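Lettering of chains follows the sequences in order, A, B, ..., and the numbering in each one begins at 1. Since this is a predicted model, take the numbers as computed values, not measurements.
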Amino acid sequence: MFDPQRGFVDPLLSWYEQNGRHDLPWREPDRTPFEVLLAEIMLQRTTAEAVAGVFRPFAARYPTPAAAAAAPSDDIKGLVEPLGLVKRAAYVRQCAGQILSRHAGDVPREHSVLVDLHGVGEYTARSVLIHVHGLGVAAVDTNVRRLLSRFFDVTPEQSQIAVLADALAPSTRSSDFQHAMLDFAAEVCTADSPGCSSCPLRGPCATAEE
DNA sequence: AATCCGGGGTA
DNA sequence: TACCCAGGATT
């Protein structure tokens, strides 16, 4: 019987320790909850490499929800422009304002409250819960969906993948596990030409390319 | 359920 | 040229 712990979670975490993108600025241990939220919004449909190029000045300019809420909208827009999807400048400003007015400037800790923030959906809310609060769940993005649907040979339907991802997420290392899935999917289990020949995972994967 | 947003990188 | 990228809002 296939053991997802031995065949997937453990080797994935081992791969991550050796090969993960540990230098990304929003993964630094002293990151604030608002910095995590800022990063996740900038990362929506945007490569980590692109966000890495602008994140430090962005976070330095808007260290708190109060700073972001008070900024002229064109000001934030200028920092988002090189990434595309410029409407995210409005996400950041409105979201920061809501955190100020509704939550006294503290990033919420509950899923139902997080998803009520402008620009915060299922993925971003879960990311905050995982990386800030250590909740033992997973966040399904395009990388996770591709990786899990391939490896477990199931349809990429969102709700099924979400259940599977939560079941796999370790209760004590959910942040590492989430980053491991993202990095592995971005660097090995890529959308086209996945590196199957060097894949350290062993299991029911039906994807086979040399 | 579809459509739109978007610049940058890659094949 | 066409497709992809740590999605979410809008219709």
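Among all heavy-atom pairs drawn from A169(A) and A138(A), the shortest one is CB-N, 4.1 Å.
Positionally, the nearest nucleotide of DNA chain C for L24(A) lies more toward the 5' end than for the other of L117(A) and L24(A). Between L182(A) and Y91(A), the residue whose closest nucleotide on DNA chain C is further toward the 5' end is L182(A).
Rounded to a whole Å, the CG atom of D176(A) is 19 Å from the P atom of dA6(C). In this structure, CE of M181(A) is placed 17 Å from C1' of dC5(C), rounded to the nearest angstrom. Rounded to whole angstrom, the span from the CZ atom of R88(A) across to the C1' atom of dA9(C) amounts to 13 Å. Between the CZ atom of R21(A) and the P atom of dC5(C) there is a distance of 12 Å, given to the nearest Å. One interatomic measurement links the two molecules: CD of E187(A) to C1' of dA6(C), which rounds to 13 Å at whole-angstrom precision.
Using a 4.0 Å cut-off on heavy atoms, the residues of residues 69-87 of chain A that approach DNA chain B are E81(A), P82(A), L83(A), G84(A), L85(A), V86(A), K87(A), listed by number. Residues of residues 119-127 of chain A having a heavy atom closer than 4.0 Å to DNA chain C, listed by number: G119(A), V120(A), G121(A), E122(A), Y123(A), T124(A). Within residues 133-168 of chain A, no residue is approached by DNA chain B to less than 4.0 Å at the level of any non-hydrogen atom. Residues from residues 30-61 of chain A with heavy atoms under 4.0 angstrom of DNA chain B, sorted by number: R45(A), T46(A).
Hydrophobic clustering of Ile, Leu, Val, Met, Phe, Trp and Tyr side chains at less than 4.5 Å, counting indirect connections, keeps V113(A) apart from I99(A). Cluster membership check: Y123(A) does not share its hydrophobic cluster with V107(A), using side-chain heavy-atom separations under 4.5 Å among Ile, Leu, Val, Met, Phe, Trp and Tyr. L182(A) and V132(A) fall into different hydrophobic clusters, where Ile, Leu, Val, Met, Phe, Trp and Tyr are joined by side-chain heavy atoms under 4.5 Å apart, directly or via other members. When hydrophobic clusters are built by joining Ile, Leu, Val, Met, Phe, Trp and Tyr residues whose side-chain heavy atoms come closer than 4.5 Å, directly or via intermediates, L13(A) is grouped together with M181(A). At a threshold of 4.5 Å between side-chain heavy atoms, the hydrophobic network of Ile, Leu, Val, Met, Phe, Trp and Tyr places F55(A) and V92(A) in one connected group.
In this model, no donor atom of one side chain and acceptor atom of the other lie less than 3.5 Å apart for H103(A) and Q98(A). Under 3.5 Å, the side chains of Q178(A) and S127(A) contain no donor-acceptor pair of N or O atoms.
Relative ring orientation between F8(A) and F151(A) is described as tilted, the plane-to-plane angle lying within the 30° to 60° band. The aromatic rings of H179(A) and Y16(A) sit tilted relative to each other, their planes meeting at an angle between 30° and 60°.
The closest side-chain heavy-atom distance from V120(A) to L37(A) is below 4.5 Å.
Remark: the separation of the P atoms in dG8(C) and dG8(B) is 23 Å, to the nearest Å. Separation of the P atoms belonging to dA6(C) and dT3(B) is 24 Å when rounded to the nearest angstrom.
Here Y91(A) pairs with H118(A) under the ring-ring contact (aromatic ring centres under 6.0 Å, His included) rule; sequence neighbours left out.
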Check against side chain to side chain contact (heavy atoms under 4.5 Å, CB included), F58(A) and V80(A): CA-CA 9 Å; F58(A) 196 94; V80(A) 178; 4.0 Å; yes
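For dA6(C), the base has a donor-acceptor partner in the side chain of R27(A) [N/O atoms by modelled type, under 3.5 angstrom].
Residue pairs meeting the side-chain hydrogen bond (donor to acceptor under 3.5 Å, both in side chains) criterion with at least one partner in residues 152-177 of chain A, sequence neighbours excluded, are E17(A)-R173(A), R126(A)-D166(A), H131(A)-S175(A), R145(A)-Q158(A), E157(A)-S159(A), R173(A)-D176(A).
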